[in-house]
Amino acid sequence: MAEATEHGGALTLPLLPDSEVEAVRAAGRLAGEIGLSADKVDEMAHAIVEACINAREHSGSRDGLVRIDIAKCGAGGAAIRIRVSDCGGGFDPAPASRRAAGRRGRGLAMIEALMDEISVESGPGGTNVLMVKYAGRSRS
Amino acid sequence: VTESLNVRVDRREGIAIVYTEGYINNQGGEEIARMSYELLDSGYRMLLLNLAGTKIVNSIGISILIEIIEKTIEIGGKLGFCSLTPTIGKTFQIMGLTQYAAIYPDEQSAVAAMTP
């Protein structure tokens, strides 16, 4: 996973419907700075929305908040890295478990398909979804 | 991206076209469902959703769209989509929506394919 080279902003948002729109706007501003194409911005936006919804719907967060960190990363800052974190009870990110959740459990599959890199850490202390989108190339 | 969704309908002979503008989330999906069920109740069996004005559809919105498709098929109707962004097309595929509904590149080709 690419390291952050320049911090682009941090947001703490309530786990309420549509709060994800704020995160999309913030990431969109940084995406413009690194020259992400319109299609890639759209893909990143959908991934952020799904990560926030995942936190809202499945985390059972103790503080009712989701944290979003946005940073430039990669050589010359040619990528954007987004971390979506919550303090919930965690979930099993394995594909079999997600399938069991039915239609409402496909957010992570969407994120995987739309971002170039993704890692998910989830446990009793909470969940971190780390995602990277490169300006100049497709997924590695 | 905006939080709200505007929906309008063009009722034509044999087909109703639903235009969306804005974010299709839970609330937006419910608004499309309300409009679609109203059209089905009034006798329409061919529904086309033109999403040219929508840039983001979340997974909850997609679940609601699948419910509308299932209900439409159940009463012998057909629902199609047109004018999707490439990303929305990709998410529809991931969510399995393309198994139940046809996707057309634009409104003209959709209307031609869906009306006799």
Side-chain angles (χ1 to χ4, degrees), chain A residues 13-29 31-32 36-58 66 68 84 95 98-99 101-116 118 129 131 133 138-139, chain B residues 1-7 20-34 51-74 79 81-101 103 105:
Chain A
L13 301 170
L15 285 168
L16 295 172
D18 298 338
S19 60
E20 66 272 14
V21 172
E22 266 313 303
V24 167
R25 287 192 187 120
R29 285 190 286 272
L36 219 60
S37 69
D39 281 351
K40 285 173 184 274
V41 170
D42 270 359
E43 291 177 348
M44 178 192 73
H46 275 83
I48 292 169
V49 163
E50 291 309 319
C52 291
I53 288 174
N54 194 56
R56 190 172 76 227
E57 297 249 309
H58 307 296
V66 60
I68 297 118
V84 178
R98 282 187 262 148
R99 273 196 299 276
R103 280 179 198 151
R104 296 291 282 266
R106 293 189 197 165
L108 273 181
M110 278 173 62
I111 297 170
E112 283 166 357
L114 297 171
M115 297 298 279
D116 295 321
I118 169 175
V129 178
M131 314 177 273
K133 192 78 177 168
S138 302
R139 81 176 40 232
Chain B
V1 62
T2 57
E3 292 91 335
S4 61
L5 179 81
N6 292 318
V7 181
T20 64
E21 197 179 326
Y23 179 24
I24 302 181
N25 52 10
N26 191 354
Q27 200 181 357
E30 294 294 354
E31 178 57 21
I32 296 169
R34 190 192 62 75
L51 303 192
T54 287
K55 299 294 171 226
I56 298 185
V57 185
N58 72 25
S59 55
I60 302 171
I62 294 176
S63 296
I64 296 169
L65 293 178
I66 292 174
E67 287 171 16
I68 302 169
I69 295 167
E70 288 173 342
K71 198 158 207 169
T72 306
I73 292 171
E74 206 175 281
L79 191 145
F81 293 89
C82 72
S83 310
L84 311 184
T85 67
T87 305
I88 291 176
K90 202 183 274 189
T91 59
F92 277 12
Q93 205 153 13
I94 296 162
M95 292 290 286
L97 186 147
T98 50
Q99 293 169 37
Y100 313 101
I103 311 286

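We name chains A, B, ... by the order of the sequence lines, and we start the count at 1 in each one.
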Enquirer: Give me the atom names and distance for the closest heavy-atom approach of Glu50(A) to Ser59(B).
Expert: OE1-OG, 2.5 Å
Enquirer: Please round to the nearest 0.5 Å and tell me the distance separating atom CG of Asn58(B) and atom CG of Asp18(A).
Expert: 8.5 Å
Enquirer: Is chain B contacted by the side chain of Glu43(A), its backbone, both, or neither, given a heavy-atom distance below 4.5 Å?
Expert: both
Enquirer: If I compare all heavy atoms of His46(A) with all of Lys55(B), which pair ends up nearest, and what's the gap?
Expert: CE1-O, 3.1 Å
Enquirer: So, taking the atom named CG in Asp42(A) and the one named OG1 in Thr85(B), what distance separates them when rounded to the nearest 0.5 Å?
Expert: 5.0 Å
Enquirer: So which heavy atom on Asp39(A) is nearest to which on Thr87(B), and how close?
Expert: O-OG1, 3.6 Å
Enquirer: Are the side chains of Thr91(B) and Leu114(A) in contact, using a 4.5 Å heavy-atom criterion?
Expert: yes
